[in-house]
2 protein chains.
Amino acid sequence: MEELDTVLGKAVALLRAFGPEDRLLPLAELVRRTGLPKGTVHRVAGDLVRHRLLEKTEHGYRLASGLFELGMRAATERTLLEVAMPFLQDLYERTHETVHLGVREGTEVVYVAKIGGHRQARSPSRAGGRMPMHCTAIGKVLLAHAESSVRSAVLAGPLARRTPHTVVAPGLLEQQLDRALETGLAFEREESTPGLLCVAAPVLDTDGATAVAAISVTGPVGRFRPEAHQNAVRAAATALGSTLARRPGGL
Amino acid sequence: MEELDTVLGKAVALLRAFGPEDRLLPLAELVRRTGLPKGTVHRVAGDLVRHRLLEKTEHGYRLASGLFELGMRAATERTLLEVAMPFLQDLYERTHETVHLGVREGTEVVYVAKIGGHRQARSPSRAGGRMPMHCTAIGKVLLAHAESSVRSAVLAGPLARRTPHTVVAPGLLEQQLDRALETGLAFEREESTPGLLCVAAPVLDTDGATAVAAISVTGPVGRFRPEAHQNAVRAAATALGSTLARRPGGL
DNA sequence: CGGACGCGTTCCACTCACCGGTACGCTGTC
DNA sequence: GACAGCGTACCGGTGAGTGGAACGCGTCCG
């Protein structure tokens, strides 16, 4: 799944061997996951430690703060994040539910920020994490406002059923997308995670056509009613959109 | 400043050539900053692009989202961030001023999170960024609650004068540290950035002795009075501390 | 207009950094 | 006490990586 015939490839493979849930991986586990010979892993991991991208502890390796620093400098995410934060903040304060900011990358959603309080719903999303587009509110609203080539690419691909509620019928999904395009809102009802509901609104580009990002509010079945927050989400998204439009340089 | 005699070293040097403020660097600029031959930079940068760590645009290279993803998986920062976020959120809501979460790394402060609203004070700090310890509230409070070896190492090193208000007299600084250790609070008054005031409190370890992190509230000279928020900051920090202590596995 | 720059790209022969099999020492565990 | 799994260390062969040189652009001069 990675190019392993170059040092760099091996190094990246090692780093990516850490899944979103992994904190500490012993050398042997890295060997297993990458398929690289033991000696090689040892050496390359040592190099990575030297460069502060990896940290070596008694019980294994972990991703080091050098990576965190570099990651936070990634250009697009950073500026978007900086401009968006106050709006997300406001939205959280108004709703006191989990707030997400996401962008499209290929045929997936990448979450740029996630903020929530003590009572936030348990959700699998993470800042920096990825999710499919067809079963999340942010994904749907981004897809609806994307170029038609992207839309058809996603609809053509396999639509994984993540829960019994996941919409897998292309026709129904397309209908929801059309509606999202009209209303500027997309919903998710336990389609990615049981017990979670979500509303999302697009952050539109200067031209008002394509979405550069999307904002959502998530809450648990029961106390949470998506419709109750749809206006707040839309307001936050459009406010962020026009602020971004006012920025020189863009992005 | 970096090991340049290995592919990995060159790659890391390229990535680190991007300063906190840089968004787009042309190849020639990378050549200048790294001192590497043009051909080499071209090739290595190409490799990095292939691995989604770098992005190539019309006008130069930028750090890509692959880095962002990896960075957000860095173990220590991530769990701390996840647990802390609700507390930072509360603190922001109570004060509506810029809130920071920072940890010590070597003799510097690394900001793990920064949240603020529309009216936040202009500060040079960034999530993932670094600052000296002796001229920031978070730095001081972390230093006060660190092993004495760290304290003396910092006090021995050169204390850069960043503003006319920066405390550079080791005696006075030490006095402030002692006071911080007693009261569990440290202050900064335009010592790192003109026009900015700050209060910080330590997030203490299980044993209550060493600080694993620190929380601060920052605001502009004029409307902002650090003392008015010191209790809120301390409350947030201790609440976070005891929550962390309750966690299995630690960190 | 021509020449001189700065930039990104491509090429290629040399060579040294990288490779990975092998072997060692240390822990537990049956 | 044999064994299995782990982390570490060694080392000769070799091809991935190297970087100097040359090319094709634009652009800014005189």
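Naming: A, B, ... by sequence-line order, numbering from 1 per chain.
Looking at A:Thr243 and A:Arg246, their side chains come closer than 4.5 Å, going by heavy atoms from C-beta outward. Residues B:Leu25 and B:Arg62 fail the side-chain proximity criterion, which asks for heavy atoms closer than 4.5 Å.
By the side-chain hydrogen bond (donor to acceptor under 3.5 Å, both in side chains) test, A:Glu21 is found to be paired with A:Arg126, residues two or more places apart in sequence or in another chain being considered.
Shown here for B:Leu142 and B:Met133, the closest heavy-atom pair between the two residues is CB-CE, 3.7 Å.
Judged by distance alone, the side chains of A:Arg162 and A:Thr193 never bring a donor and an acceptor atom under 3.5 Å apart. Judged by distance alone, the side chains of A:Ser65 and B:Glu105 do bring a donor and an acceptor atom under 3.5 Å apart. Counting only N and O atoms by type, the side chains of B:Thr79 and A:Arg23 include a donor and acceptor under 3.5 Å apart.
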**OP:** Using a 4.0 Å cut-off on protein heavy atoms (strictly under), produce a 5'-to-3' string for nucleotides 9-30 of chain C with B for base contact, S for backbone-only sugar-phosphate contact, and - for none.
**Re:** BB------SSBB----------
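A nucleotide of DNA chain D counts as in contact with chain A when one of its atoms lies under 4.0 Å from a heavy atom; the first and last such, 5' to 3', are D:dC6 to D:dG17.
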